[in-house]
Amino acid sequence: MTTIEEKIREIEEEIHKTKYNKATESHIGLLKAKMARLQLEAESHRHSGGGGGFSVPKSGDATVALVGYPNVGKSSLLNAITGTESEVGNFAFTTLRVIPGTLKYRGTQIQILDLPGIIDNAALGSGRGREVLSMVRAADLILLVTDNECKGMDRIIEELRKSGIVVNRKRKNISMKRANTGGIRVRKPRSVDIDDTRIREMAKEFKITNAEIFIRENVNDDDLIDFFRGNVIYLPAVVVINKMDMPHNEELVESMRKYGEIVRVSASSKMGIEDLKEKIYDSLELIRVYLRDKSGKTDMERPLVLRKGATVRDVCRKISREMLEAFRYAVLSSTKSRINDMRVGLDYELSDGDIVTIVSKY
Ligand SMILES: Nc1nc2c(ncn2[C@@H]2O[C@H](COP(=O)(O)OP(=O)(O)OP(=O)(O)O)[C@@H](O)[C@H]2O)c(=O)[nH]1
Ligand SMILES: [Mg+2]
């Protein structure tokens, strides 16, 4: 009897064997859907055993995961940007567990996780790959680390995707209402150019036979697979190309741009390390908010660090639960714009550098 894992490998092989062109596009899409469904099945079979004390609790204002093949220099990078001492070795799998470090940058504390080199079929449970992937899922940003040889980025993205982590792509506006009868009905505005039969075929691969599916923007096969698969998280990622002190092929390095913004560094000569810190900080879209008390004193040393889009409500929540209940209004000034002593409510969206005084009912 073939196991699910074997079936997955067979489909994977078929996908790799099939030349991608207009004629095979649709066939490959369905194979991918089938594979995603089998992977989900395999996962649900496996959710028994424990992880074995592998994970590290999240800390700081945001978490960044270093992901890449063995020996590309992930530990060296962690050490260079945080001053941590993660073991460095000139062989694969030097790092066997998660090593956390903290990058202190512009008043924020960013947790950086050095992970064991991700390996082929990590999503299927080989090595400690699965545990690595579960740590990645919890991160706010991924650093896709490679070296002067730029090897295997395709595979890494594929492994991440298999475990439900999609990088540098946005969630598409698709939703579904299950039904008991009626088959698959597709609802979409005229601007959406997708074949209904295609949606039906895809849905069928995921054993969905009766449902109303709403598609509000143009989507491709991958978007549909992610939607039907469910439990997918979308994370931003930056491509870090290490060992730039070594000879490298400029064209190859440039080609990495298709995976995301690239930063060239050398952990050993410290080249590009400051750029990398800045890129990490920018990509996390953090905002710093300073609290001012009623007497007018502002704590400029320790800002509250929030994500872009955060509101006054998030500030209250961060201070205490009681604060949210006692909230009357907030007074806002800015260190960066002309806003001064402006009265705002809970839904006000904050910007970096805002100074907030919370006025409570009591
Ligand atoms: N020339 C050069 N060598 C580097 C650089 N960064 C790291 N190395 C070397 O590359 C090798 C691997 O570095 P590590 O930091 O252990 O790599 P890793 O990605 O953490 O490896 P694993 O833990 O096995 O996954 C070591 O011999 C490092 O000295 C760099 O910028 N330039
Ligand atoms: Mg390492």
Side-chain angles (χ1 to χ4, degrees), residues 51-68 70 72-88 94-118 122 128-146 156 160 163-168 233-240 242 260-261 263 265 267 270 272-290 299 301-310 314-315 317-319 352:
F54 182 69
S55 64
V56 165
K58 282 180 84 162
S59 74
D61 301 314
T63 299
V64 177
L66 291 162
V67 173
V72 294
K74 299 179 296 300
S75 300
S76 307
L77 279 170
L78 176 83
N79 299 346
I81 56 180
T82 67
T84 314
E85 299 267 325
S86 186
E87 194 184 344
V88 170
T94 304
T95 309
L96 293 173
R97 58 192 187 89
V98 184
I99 311 285
T102 305
L103 164 61
K104 293 194 174 131
Y105 198 73
R106 297 193 189 161
T108 69
Q109 303 216 2
I110 301 168
Q111 182 184 42
I112 314 268
L113 300 177
D114 178 20
L115 302 171
I118 202 171
R128 306 203 96 167
R130 276 176 51 82
E131 284 117 317
V132 170
L133 290 169
S134 75
M135 295 295 293
V136 179
R137 270 188 89 93
D140 302 297
L141 171 72
I142 297 177
L143 298 185
L144 295 165
V145 187
T146 185
I156 290 170
L160 290 172
S163 71
I165 303 164
V166 174
V167 298
N168 288 340
I233 57 160
Y234 294 78
L235 288 177
V238 171
V239 180
V240 181
N242 190 33
E261 283 190 64
V263 188
V265 296
K270 301 281 188 288
I273 297 300
E274 283 309 311
D275 291 345
L276 177 57
K277 289 181 188 175
E278 193 177 331
K279 182 60 81 193
I280 292 171
Y281 178 81
D282 288 346
S283 307
L284 285 168
E285 303 194 302
L286 301 175
I287 57 173
R288 295 158 300 179
V289 172
Y290 303 92
D299 183 353
E301 295 296 309
R302 286 169 306 149
L304 274 184
V305 180
L306 304 158
R307 303 299 296 269
K308 187 178 160 197
D314 296 308
V315 170
R317 277 202 194 111
K318 253 205 153 151
I319 302 172
D352 188 49

Problem set entry | Pairwise salt bridge (charged side-chain N to carboxylate O under 4.0 Å, His left out) hits with a residue in residues 101-114, at least two apart | none
Problem set entry | Identified side chain to side chain contact (heavy atoms under 4.5 Å, CB included) counterpart of Ile142 within the set Leu160, Asn168, Val64, Ile156 | Leu160
For this session: Would you please test Leu235 and Asp140 for side-chain contact (heavy atoms from CB on, under 4.5 Å) and show each step?
Result: CA-CA 7 Å; Leu235 288 177; Asp140 302 297; 5.7 Å; no
Seminar exercise, completed: Residues passing the ring pair (Phe, Tyr, Trp, His ring centres under 6.0 Å) test with Tyr290, sequence neighbours excluded, are none
Exercise. Donor-acceptor pair, Lys58 side chain versus Ala138 backbone, under 3.5 Å?
Worked result: yes
For this session: Could you tell me which non-hydrogen atom of Pro100 sits nearest to which non-hydrogen atom of Leu113, and how far apart they are?
Result: CB-CD2, 3.9 Å
Exercise. What are the two closest non-hydrogen atoms of Ala62 and Leu286, and how far apart are they?
Worked result: CB-CD2, 4.2 Å
Problem set entry | Any side-chain heavy-atom pair of Asp275 and Ile273 under 4.5 Å | no
For this session: Mind listing the closest non-hydrogen atom pair of Val265 and Gly272 along with its distance?
Result: CG1-O, 3.4 Å
Problem set entry | Shortest non-hydrogen contact between Thr102 and Thr82, atoms and distance | O-CB, 3.4 Å
Exercise. OG of Ser75 to CG of Leu66: how many Å apart, nearest 0.5 Å?
Worked result: 8.0 Å
Exercise. If you measure from NZ on Lys277 to CD1 on Ile112, what distance do you get to the nearest 0.5 Å?
Worked result: 10.0 Å
For this session: Verify side-chain hydrogen bond (donor to acceptor under 3.5 Å, both in side chains) between Thr63 and Gln111, making sure each step is shown before the conclusion.
Result: CA-CA 5 Å; Thr63 299; Gln111 182 184 42; 2.9 Å; yes
Problem set entry | Side chain proximity check, Ile233 to Val166, heavy atoms < 4.5 angstrom | no
Exercise. Among Val98, Val145, Ile99, Leu133, whose side chain to side chain contact (heavy atoms under 4.5 Å, CB included) with Leu115 holds?
Worked result: Val98
For this session: Measure across Ala267 and Ser76 and return the closest heavy-atom pair with its distance rounded to 0.1 Å.
Result: CB-CB, 3.6 Å
Exercise. Counting only N and O atoms by type, is there a donor-acceptor contact under 3.5 Å from the side chain of Asn242 to the main-chain atoms of Thr146?
Worked result: no
Exercise. Side chains of Ile81 and Leu77: closer than 4.5 Å at any heavy-atom pair?
Worked result: no
For this session: Of all the heavy-atom pairs spanning Val67 and Lys74, show the shortest one and how long it is.
Result: C-CD, 4.0 Å
Problem set entry | Leu306 vs Lys318 side-chain heavy atoms within contact, under 4.5 Å | yes
Exercise. Are Arg307 and Glu285 within salt-bridge range, i.e. N to O under 4.0 Å?
Worked result: no
Problem set entry | salt_bridge(Asp282, Lys279) N-O dist < 4.0 Å | no
For this session: Give a yes or no on whether the backbone of Ile110 and the side-chain of Asp61 come within a donor-acceptor separation of less than 3.5 Å.
Result: no
For this session: Answer whether the closest heavy-atom distance between the side chains of Ile280 and Leu103 falls below 4.5 Å.
Result: yes
Problem set entry | Among Asp352, Leu284, Thr108, Val289, side chain to side chain contact (heavy atoms under 4.5 Å, CB included) partner for Val305 | Thr108
